[in-house]
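Read through the structure below, which is laid out as structure tokens, and then see the notes.
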Amino acid sequence: MLKTIIVDDESGSRKVLRRYLTDYCPDVEIVAEAGDVAATVDLIRDNNPDLVFLDIEMPGGNGFELLTHFPNPQFQIIFVTAYQEYALRAFQISAMGYILKPVRIKILKEAVAKAKKHFDAERFREQLDVMQEALKKKDSASKLVISTNEGMHFISLEEVLYMEADGAYTIFHLTNGKEFVASKRIGEFEENIKNPKIFKPHRSYLVNLEFITRYTKSDGGRIFMENGAEIPVARSKRQEFLKFIGNGLAGK
């Protein structure tokens, strides 16, 4: 069982999350709740939890300030926020859980399942450091933190030619010719990257429209990228794609 603390200044939000966890996450044991950072510090010290659901914006301190009291946390954190920009700027880290409000049961169950895996305190601290560094960057909304078997890579969306699905992984093809294999499905990146230059022409690809050189109607429709790669365009996506890029490129 995961001894769990819920931290949110809104009692209604705590109630909903508690009900969802009780009904859909049988491995979670809720041992305490709090509405601010100060109370949470004491609860963590008293209960020694395995998992903390932490809201970000609360009276008496930003949720991230909790981490200053626990520089080497021995518990996992799933951040809960209504602010989409936090997700875009800082949570593109595979093992760092976050949930956007309103809470979706499917996402909640996936986040808890991740938390059940073996807890590596050193790696978790490393991820927290990278996440907090991302929050400091003014342009971090256009940044991604890619977690791979080699470590973590902090890259700009402007460096990404396209992303390619590979089962439970996503291959990032960059403008400098490098490739990174991220340990997340492409659907997770699609859900969290809200950038008008990133387009999904096919279920297995996300492309950066800045690096398209040509489009042909042959073979159902194909996109040619600057590195020579050919990306298929799904029939259901063709009109949306043509509308976006305009008739000039489509006629090439």
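No single ILVMFWY cluster, assembled from side-chain heavy atoms under 4.5 Å apart, contains both Ile5 and Leu21. Under the 4.5 Å side-chain contact rule for hydrophobic residues, Val7 and Val37 share a cluster. Cluster annotation: Val31 is not connected to Val28 through the hydrophobic network of ILVMFWY side chains, with a link wherever side-chain heavy atoms come within less than 4.5 Å.
For the side-chain hydrogen bond (donor to acceptor under 3.5 Å, both in side chains) test, no residue two or more places apart in sequence or in another chain qualifies with Asp55. Listed by chain and residue number, nothing satisfies the ring pair (Phe, Tyr, Trp, His ring centres under 6.0 Å) test with Phe211 (two or more places apart in sequence, or in another chain). In this structure Arg185 satisfies the salt bridge (Lys or Arg N to Asp or Glu O under 4.0 Å) test with no other residue, sequence neighbours excluded. With sequence neighbours excluded, the residues satisfying side-chain contact (heavy atoms from CB on, under 4.5 Å) with Ala39 are Ala34, Asp36. The side-chain hydrogen bond (donor to acceptor under 3.5 Å, both in side chains) test applied to Glu10 returns Ser13, not counting sequence neighbours.
A donor-acceptor pair under 3.5 Å is absent between the side-chain atoms of Thr40 and the main chain of Ala38, judged by distance alone. The closest donor-acceptor contact from the side chain of Thr170 to the backbone of Ile186 lies under 3.5 Å. Distance alone, capped at 3.5 Å, places no donor-acceptor pair between the Arg214 side chain and the Phe224 backbone.
With rounding to the nearest 0.5 Å, the separation of CD1 in Ile78 from CG in Leu2 is 8.5 Å. Atom CG of Asp8 is separated from atom CD1 of Ile6 by 9.0 Å, given to the nearest 0.5 angstrom. Atom CG of Leu161 sits about 6.0 Å away from atom OG1 of Thr175, to the nearest 0.5 Å. Taking CG from Leu174 and CG from Asn208, the interatomic distance works out to 11.0 Å, rounded to the nearest 0.5 Å.
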Only pairs under 3.5 Å count here: list side-chain donor-acceptor contacts from residues 230-241, not counting sequence neighbours, and write none if there are none.
from: Glu230; atom 1: OE1; to: Arg222; atom 2: NE; distance (Å): 3.1
from: Arg238; atom 1: NE; to: Gly220; atom 2: O; distance (Å): 3.2
from: Arg238; atom 1: NH2; to: Gly220; atom 2: O; distance (Å): 2.7

Anything under 3.5 Å between a donor and an acceptor, one on a side chain of residues 43-53, the other on a protein residue two or more places apart or in another chain? List them.
from: Asn47; atom 1: ND2; to: Leu43; atom 2: O; distance (Å): 2.9
from: Asp50; atom 1: OD2; to: Lys3; atom 2: N; distance (Å): 2.8

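A heavy-atom distance below 4.5 Å is found between the side chains of Leu17 and Leu108. Side-chain contact between Ile77 and Phe79 is present, with at least one heavy-atom pair separated by less than 4.5 Å. Contact check for Val181 versus Glu179: no side-chain heavy atoms found under the 4.5 Å cut-off.
Note on residues 17-28: pairs passing side chain to side chain donor-acceptor pair (under 3.5 Å), not counting sequence neighbours, are Arg18-Glu33, Asp27-Lys116. Pairs engaging residues 200-211 under the salt bridge (Lys or Arg N to Asp or Glu O under 4.0 Å) rule: Glu190-Lys200, Lys197-Glu210 [sequence neighbours left out].
In this pair, His173 and Tyr162 present their aromatic rings parallel. The plane angle is below 30°, not in the 30 to 60° band.
Taking the ring centre of Tyr169 as origin, the terminal cationic atom of Lys184 falls outside the region bounded by 6.0 Å and 45° from the ring axis.
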**Study point:** From CA spacing to verdict: salt bridge (Lys or Arg N to Asp or Glu O under 4.0 Å), Glu110, Lys106
**Key:** CA-CA 6 Å; Glu110 290 174 353; Lys106 177 177 180 292; 2.8 Å; yes
Point to revise | Stepwise side-chain contact (heavy atoms from CB on, under 4.5 Å) test for Lys109 and Cys25 | key: CA-CA 7 Å; Lys109 292 170 67 175; Cys25 302; 4.2 Å; yes
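Partner Phe199 forms a side chain to side chain contact (heavy atoms under 4.5 Å, CB included) with one of Val207, Leu206, Ile223 and no other, that one being Val207.
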